[in-house]
Amino acid sequence: MDDLAYRIGSALRRRRRMAQLTLRDVSARCGVAVPQLSRIENGLVDPRLSTLVRILGVTGGTLADLAIEPAPVTPIADVLERRKANRTRLRATGIAVSDPMDRLDERDRRGEDTSAERTVLER
């Protein structure tokens, strides 16, 4: 699910509920089918700008109401540091850490062909 589509859909749902309208009400007034409105509100589709304007027109909103801050980007160094910390915690509890290359090595020892998987992992 696209994060931006989800956040736009959530904002549209809030506007609709604030206007005390059902999906059926909005559908009847803007001409967008109820199932499509549901998909938009659930962030499953990226609606066209014209569709957003029609929906917002019915709910009394504007495009400015959808001003959504971009999701914060986590630096890769932070992700790798968290990964390292999580692996350390797992080892401390006695849980084996999963490593794709270790699993492939084990399959090689059993005589299985892992060349395709190794090619993907080496990219």
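Since this is a predicted model, take the numbers as computed values, not measurements.
The side-chain heavy atoms of Val26 and Val32, taken from C-beta on, include no pair separated by under 4.5 Å.
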Side-chain donor-acceptor pairs under 3.5 Å in residues 75-85, sequence neighbours left out?
none

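Atom CG of Leu12 and atom CG of Asn42 lie 11.0 Å apart (nearest 0.5 Å). Atom CZ of residue Arg14 and atom CG of residue Asp65 lie 10.5 Å apart, to the nearest 0.5 angstrom. Between the CG atom of Asp46 and the OG1 atom of Thr51 there is a distance of 11.5 Å, given to the nearest 0.5 Å. Taken to the nearest 0.5 Å, the CG atom of Leu4 stands 4.0 Å off from the CD1 atom of Ile8. Interatomic distance, CG of Asp108 versus CZ of Arg103, reported as 13.0 Å (0.5 Å rounding).
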| task | Would you sort out whether Arg118 and Asp105 count as a salt bridge (charged side-chain N to carboxylate O under 4.0 Å, His left out), showing the intermediate values? | result | CA-CA 10 Å; Arg118 288 186 186 280; Asp105 291 343; 2.7 Å; yes
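Listed for the Ser10 side chain is a donor-acceptor partner under 3.5 Å among the backbone atoms of Tyr6. Within the 3.5 Å criterion, the main-chain N or O of Gly60 finds a donor-acceptor partner in the side chain of Arg15.
Nearest heavy-atom pair, Ala19 versus Thr59, reported as atom, atom and distance to 0.1 Å: CB-O, 3.9 Å. Ile55 approaches Cys30 most closely through the heavy-atom pair CG1-SG, 4.2 Å. Between Ser27 and Leu37, the shortest heavy-atom distance links the atoms N-CD1, 3.5 Å.
Met18 and Val53 fall into different hydrophobic clusters, defined by Ile, Leu, Val, Met, Phe, Trp and Tyr side-chain heavy atoms under 4.5 Å apart, directly or through other members. Residues Leu66 and Ile40 share a single hydrophobic cluster, defined by chaining ILVMFWY side chains whose heavy atoms lie under 4.5 Å apart.
For Thr62, the side chain to side chain donor-acceptor pair (under 3.5 Å) criterion is met by no residue, not counting sequence neighbours. Contacts of Glu112 classified as side chain to side chain donor-acceptor pair (under 3.5 Å), with partners at least two apart in sequence or in another chain: Arg107, Arg110. Judged as a side-chain contact (heavy atoms from CB on, under 4.5 Å), and not counting sequence neighbours, Val73 has no contacts. Shown here are the side chain to side chain donor-acceptor pair (under 3.5 Å) partners of Ser115, two or more places apart in sequence or in another chain: Asp113. Taking Arg48 as the reference, nothing meets the salt bridge (charged side-chain N to carboxylate O under 4.0 Å, His left out) condition, with sequence neighbours excluded.
Annotation: salt bridge (charged side-chain N to carboxylate O under 4.0 Å, His left out) contacts involving residues 24-45, sequence neighbours excluded, comprise Arg13-Glu41, Arg16-Glu41.
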